[in-house]
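What follows is a set of notes on a single structure, which appears directly below.
Keep in mind that this is a model prediction, so the values were computed, not measured. Within every chain, numbering begins at 1; the chains are lettered A, B, ... in the order of the sequence lines, protein sequences first and strands thereafter.
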Number of protein chains: 2
Amino acid sequence: MTLVQDERPPYVQVADTLRAEIASGEHQPGAKLPSVKKLAERFGIADMTVQSGLRVLREEGLIVSSAGRGTFVRSDVDLSAIGAGAAPAEDDVRVQLAHLTSQVGQLAARIEELERRVIAPSVPD
Amino acid sequence: MTLVQDERPPYVQVADTLRAEIASGEHQPGAKLPSVKKLAERFGIADMTVQSGLRVLREEGLIVSSAGRGTFVRSDVDLSAIGAGAAPAEDDVRVQLAHLTSQVGQLAARIEELERRVIAPSVPD
DNA sequence: GTCCATTTGTCCGTATGTATA
DNA sequence: GTATACATACGGACAAATGGA
């Protein structure tokens with residue numbers, strides 16, 4: 001699979017593709033994602049670009065990475081928050097913390113985008 | 001200024017250094033930071049490594065960047081809330097909770113600032 | 001316990017694109 | 001139109017952590 005549409009930056013397309021695959025269940029919670037090198041081959045891009053894409057998902061709280069082990073879909077990922085099926089409601093405090101962390105990260109990203117357009121002067125409409 | 005050898009990753013040191021300079025008032029709120037190239041020269045590292053350091057501060061809400069204009073210290077940044085940059089141990093639930101509480105407070109302040117500018121456009125900075 | 005392959009994470013140098021001034 | 005500045009991308013490289021032989 002190659003990234004053909006050059007409308008958006010490749011690393012964003014990587015993030016979107018993997019996010020969709022996680023949402024669709026292709027990569028289940030707790031599962032290990034293909035290695036960075038494998039993903040780079042699959043998409044036909046450089047390793048570092050894959051890392052940038054994974055960074056997006058990491059900030060969204062969808063995945064966690066560990067050197068020497070790999071990158072995994074968070075076992076408690078809230079699939080409903082990314083447009084797919086429902087997630088089981090769990091009562092564990094750590095699960096709720098993880099959800100909050102994910103949501104805070106997404107809010108931060110949205111605020112950052114707004115700041116670029118509002119705080120930065122002379123932004124054309 | 002050169003980064004000390006064999007400490008933490010260079011990009012972390014860049015973030016720590018600039019964060020300290022912002023906290024100390026060396027870079028005042030609203031001020032423009034040196035360009036990425038200047039910072040790269042100053043630290044003796046590559047442009048992209050500087051970008052990685054700036055990314056950290058951007059995620060912390062300390063700075064805002066705009067292509068073609070530069071990188072600026074947020075005009076409404078709370079200098080007293082700037083930490084030493086040490087990441088809290090993420091094992092402890094209480095530590096995570098405190099971190100989240102702090103982050104939510106900062107996000108709320110940023111949203112309020114945005115609301116002032118968007119909803120009440122007559123209010124000067 | 002010691003090697004060794006895998007994997008993530010980072011860095012560099014260079015290049016290109018895009019937005020701003 | 002030109003210069004500046006950030007953002008992204010590539011290929012190559014190396015360190016650290018992990019896990020298996």
Side-chain angles (χ1 to χ4, degrees), chain A residues 2-18 27 30-59 62-74 109 112-113 115-125, chain B residues 2-18 27 30-59 62-74 85 87 90-91:
Chain A
T2 316
L3 299 176
V4 190
Q5 56 169 6
D6 50 339
E7 182 177 329
R8 298 196 291 179
Y11 83 98
V12 175
Q13 298 180 49
V14 169
D16 288 346
T17 301
L18 293 177
H27 301 299
K32 181 177 179 300
L33 290 181
S35 73
V36 171
K37 286 209 182 305
K38 294 278 178 58
L39 290 173
E41 285 181 15
R42 167 186 168 188
F43 292 116
I45 58 180
D47 291 11
M48 201 172 179
T49 306
V50 172
Q51 290 277 14
S52 295
L54 293 179
R55 193 189 73 223
V56 173
L57 301 183
R58 211 172 293 124
E59 290 168 2
L62 261 60
I63 61 174
V64 290
S65 299
S66 174
R69 299 199 322 133
T71 300
F72 303 83
V73 180
R74 284 249 310 259
E112 188 183 322
E113 170 65 19
E115 284 173 345
R116 263 197 292 274
R117 289 151 52 171
V118 176
I119 292 185
S122 72
V123 174
D125 193 33
Chain B
T2 312
L3 299 177
V4 184
Q5 192 177 7
D6 267 33
E7 274 187 31
R8 284 162 302 171
Y11 82 98
V12 175
Q13 298 182 49
V14 169
D16 288 346
T17 301
L18 293 177
H27 301 299
K32 181 178 179 301
L33 291 182
S35 73
V36 171
K37 282 206 185 307
K38 295 277 177 58
L39 290 173
E41 286 180 15
R42 167 186 169 187
F43 292 115
I45 58 180
D47 291 11
M48 202 172 177
T49 306
V50 172
Q51 290 277 12
S52 295
L54 293 179
R55 194 187 70 224
V56 173
L57 301 183
R58 211 174 293 124
E59 290 167 2
L62 261 57
I63 62 174
V64 180
S65 298
S66 177
R69 298 201 324 118
T71 300
F72 302 84
V73 180
R74 285 236 334 266
E90 305 225 343
D91 292 5

When you check the phosphate oxygens OP1 and OP2 of dA16(D), does a side-chain N or O of Arg69(A) lie under 4.0 Å from one of them?
-> no
Is the NZ atom of Lys38(A) crowded by more than 12 outside heavy atoms at less than 6.0 Å?
-> no
Mapping Lys32(B) and Ala67(A) onto DNA chain D by nearest heavy atom, which one lands closer to the 5' end?
-> Lys32(B)
Rounded to the nearest angstrom, tell me the gap between atom CD in Gln13(B) and atom C1' in dT10(C).
-> 13 Å
Could you give the CG-to-P distance, from Leu39(A) to dC10(D), as a whole number of Å?
-> 13 Å
All side-chain hydrogen bond (donor to acceptor under 3.5 Å, both in side chains) counterparts of Lys37(B), not counting sequence neighbours = Asp47(B)
From dT8(D), dT10(C), dT18(D), pick the nucleotide closest to the side chain of Ser66(A)?
-> dT18(D)
With a 4.0 Å cut-off on heavy atoms, is Arg55(A) in touch with a base, just the backbone sugar-phosphate, or nothing at all?
-> nothing
Output a table of nitrogen or oxygen pairs between the protein and nucleotides 12-16 of chain C separated by less than 3.5 Å.
from, atom 1, to, atom 2, distance (Å)
dC12(C), OP2, Ala46(B), N, 3.0
dC12(C), OP2, Thr49(B), OG1, 2.3

Separation of dT18(D) C1' from Phe72(A) CZ (nearest whole Å) | 10 Å
Roughly, in whole Å, what's the span from OH in Tyr11(A) to C1' in dT18(C)?
-> 13 Å
Stems formed with participation of DNA chain D [Watson-Crick or G-U wobble, under 3.5 Å, three or more pairs] = C:2-21 with D:2-21
Closest-nucleotide 5' rank along DNA chain D - winner of Leu54(B) and Lys37(A) = Leu54(B)
Taking CD from Glu41(A) and P from dT6(C), how many angstroms apart are they, rounded to a whole number?
-> 12 Å
Residues Glu59(B) and Glu59(A): closest non-hydrogen pair is OE2-OE2, 2.5 Å
Show the numbers, then the answer: is there a side chain to side chain contact (heavy atoms under 4.5 Å, CB included) between Phe43(A) and Thr49(A)?
-> CA-CA 10 Å; Phe43(A) 292 116; Thr49(A) 306; over 6 Å; no
Audit row: Leu39(B), Val14(B), side chain to side chain contact (heavy atoms under 4.5 Å, CB included) steps and yes/no | CA-CA 9 Å; Leu39(B) 290 173; Val14(B) 169; 5.9 Å; no
When you get a sec, tell me which of dT10(C), dC6(D), dT8(D) is the closest nucleotide to the side chain of Ser35(B)?
-> dC6(D)
Taking CD from Gln51(B) and P from dG17(C), how many angstroms apart are they, rounded to a whole number?
-> 18 Å
dT8(C) OP1/OP2 closer than 4.0 Å to side-chain N/O of Thr71(A) | yes
